[in-house]
Amino acid sequence: MYAVEVRDHVMIAHSFRGALFGPAQALHGATFVVDVAFFRESLTPDGVVVDIGRAGEALKRVLAPLNYRNLDALPDFAGVNTTTEFLCGHIHGAMAAATRAGELGPGGEGVSRIRVTLHESHLARAWFEGPLPGA
């Protein structure tokens, strides 16, 4: 299995509901380093998984609606605890859609899996990895 990974970051604000979250129930900020890995069984005729530049641009577009935003105020997240794990799944879905829409260029059609990792700090991270629908 071959993979290529791109990285960006996003700065957000949010709060959580539920005693489990203790002080994080209050509005707080987070800066996540976001890694997205694209997997495929074989390389393209050009010897790549996908165009790394296009993959980076696709990630930037996916993160733009979240960056510098209070996630509590976004209609798509109404009533949802936007945990690191939840955000991994959300970004995975958006990157899968971008991949299937051809935003990664030639080679994107061969991507079978995507892994999204959000680094909360140098001590903690979460990820979601799964197949692309239809892969």
Side-chain angles (χ1 to χ4, degrees):
M1 183 70 67
Y2 293 92
V4 69
E5 192 167 19
V6 295
R7 173 175 277 187
D8 204 336
H9 74 282
V10 63
M11 297 193 302
I12 58 96
H14 61 173
S15 62
F16 298 131
R17 287 169 315 288
L20 170 71
F21 297 102
Q25 292 176 81
L27 185 65
H28 62 280
T31 300
F32 294 109
V33 173
V34 182
D35 293 324
V36 178
F38 303 90
F39 297 87
R40 59 181 291 146
E41 293 291 329
S42 60
L43 299 177
T44 69
D46 294 315
V48 301
V49 174
V50 296
D51 182 314
I52 201 165
R54 288 183 186 184
E57 290 301 315
L59 177 56
K60 189 172 295 302
R61 281 190 299 276
V62 163
L63 296 178
L66 308 177
N67 205 18
Y68 295 106
R69 302 294 302 272
N70 177 355
L71 302 184
D72 297 348
L74 298 180
D76 287 350
F77 300 139
V80 174
N81 278 331
T82 53
T83 62
T84 305
E85 298 90 333
F86 171 84
L87 291 172
C88 287
H90 171 79
I91 294 167
H92 180 279
M95 291 305 298
T99 301
R100 290 294 175 234
E103 292 183 32
L104 306 185
E109 71 286 346
V111 171
S112 60
R113 298 184 74 72
I114 293 177
R115 175 188 290 171
V116 175
T117 306
L118 269 66
H119 303 262
E120 289 190 31
S121 72
H122 64 289
L123 300 174
R125 68 180 180 230
W127 70 79
F128 179 88
E129 180 177 332
L132 270 66

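Bear in mind that the values here come from a model prediction, so they are computed numbers and not experimental data.
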(message) Are more than 12 heavy atoms, taken from residues, nucleotides or ligands other than Tyr2, located less than 6.0 Å from that residue's OH atom?
(response)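 Incorrect, the count does not exceed 12.
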(message) Holding to ring pair (Phe, Tyr, Trp, His ring centres under 6.0 Å), I want the full list of residues that pass it with Phe16, two or more places apart in sequence or in another chain.
(response)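 Partners of Phe16 by the ring pair (Phe, Tyr, Trp, His ring centres under 6.0 Å) criterion, ordered by chain and then number, come out as His14, Phe21, His28.
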What pair of heavy atoms forms the shortest contact from [X] to [Y], and how long is it?
X	Y	answer
Asn70	Asp72	OD1-N, 2.9 Å
Gly56	Val6	N-CG1, 3.9 Å
Ala55	Val50	CB-CG2, 4.2 Å
Thr82	Leu87	O-CD1, 3.7 Å
Ala126	Glu85	CB-CG, 4.0 Å
Leu118	Cys88	CD1-SG, 3.7 Å

(request) Return the set of residues passing side chain to side chain donor-acceptor pair (under 3.5 Å) with Thr44 (not counting sequence neighbours), or none when no residue passes. (result)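 Scan of Thr44 (side chain to side chain donor-acceptor pair (under 3.5 Å), adjacent residues dropped) gives none.
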(message) Checking Thr31 now: which residues fulfil side chain to side chain donor-acceptor pair (under 3.5 Å) with it, not counting sequence neighbours?
(response)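 For Thr31, no residue satisfies side chain to side chain donor-acceptor pair (under 3.5 Å) once neighbours in sequence are set aside.
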(message) Do Pro131 and Arg113 make a side-chain contact, defined as non-hydrogen atoms from C-beta onward lying under 4.5 Å apart?
(response)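 Contact flag for Pro131/Arg113 side chains = yes.
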(request) May I ask you to test the Val48-Val4 pair for a side-chain heavy-atom distance under 4.5 Å? (result)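 No, every pair of side-chain atoms sits at 4.5 Å or beyond.
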(request) Kindly work out whether a path of hydrophobic side-chain contacts (I/L/V/M/F/W/Y, heavy atoms less than 4.5 Å apart) joins Phe39 to Leu104. (result)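 No, it is not one cluster - the side chains of Phe39 and Leu104 are not joined through contacts under 4.5 Å.
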(request) Using the rule that two of Ile, Leu, Val, Met, Phe, Trp, Tyr join whenever any of their side-chain heavy atoms come within less than 4.5 Å, decide whether Val111 and Phe128 are in one cluster. (result)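 Per the 4.5 Å side-chain linkage, Val111 and Phe128 are not co-clustered.
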Nearest-0.5 Å distance that lies between atom [atom1] in [X] and atom [atom2] in [Y]:
X	Y	atom1	atom2	result
Met1	Glu41	CE	CD	3.5 Å
Phe38	Leu59	CZ	CG	7.0 Å
Asn67	Met11	CG	CE	6.0 Å

I'd like to check the side-chain contact (heavy atoms from CB on, under 4.5 Å) partners of [X]; sequence neighbours left out, ordered by chain and number.
X	value
Val33	Arg7, Asp35, His119
Leu74	Leu66, Arg69, Leu71, Phe77
Ala94	Val62
Arg17	Asn81

(request) Linking directly or through intermediates, with side-chain heavy atoms under 4.5 Å: list the remaining ILVMFWY members grouped with Leu27, chain and number order. (result)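 Its cluster partners, ordered by chain and number, are none at all.
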(message) Under 4.5 Å side-chain heavy-atom separation, chaining through any Ile, Leu, Val, Met, Phe, Trp or Tyr, what else clusters with Trp127? Say none if it is isolated.
(response)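 When side chains under 4.5 Å apart are linked, Trp127 ends up in no cluster with other residues.
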(request) Mind jotting down which residue pairs meet the side chain to side chain donor-acceptor pair (under 3.5 Å) criterion with at least one end in residues 101-110? Sequence neighbours excluded, please. (result)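 Sorted result for residues 101-110: Arg61-Glu103.
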(request) Only pairs at least two apart or in different chains count here, so list each side chain to side chain donor-acceptor pair (under 3.5 Å) that has a residue in residues 51-60. (result)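 Pairs touching residues 51-60 that pass the test: Asp8-Lys60.
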(message) For Arg115, give me all partners under salt bridge (charged side-chain N to carboxylate O under 4.0 Å, His left out), at least two apart in sequence or on another chain.
(response)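 Arg115 satisfies salt bridge (charged side-chain N to carboxylate O under 4.0 Å, His left out) with Glu129 once adjacent residues are dropped.
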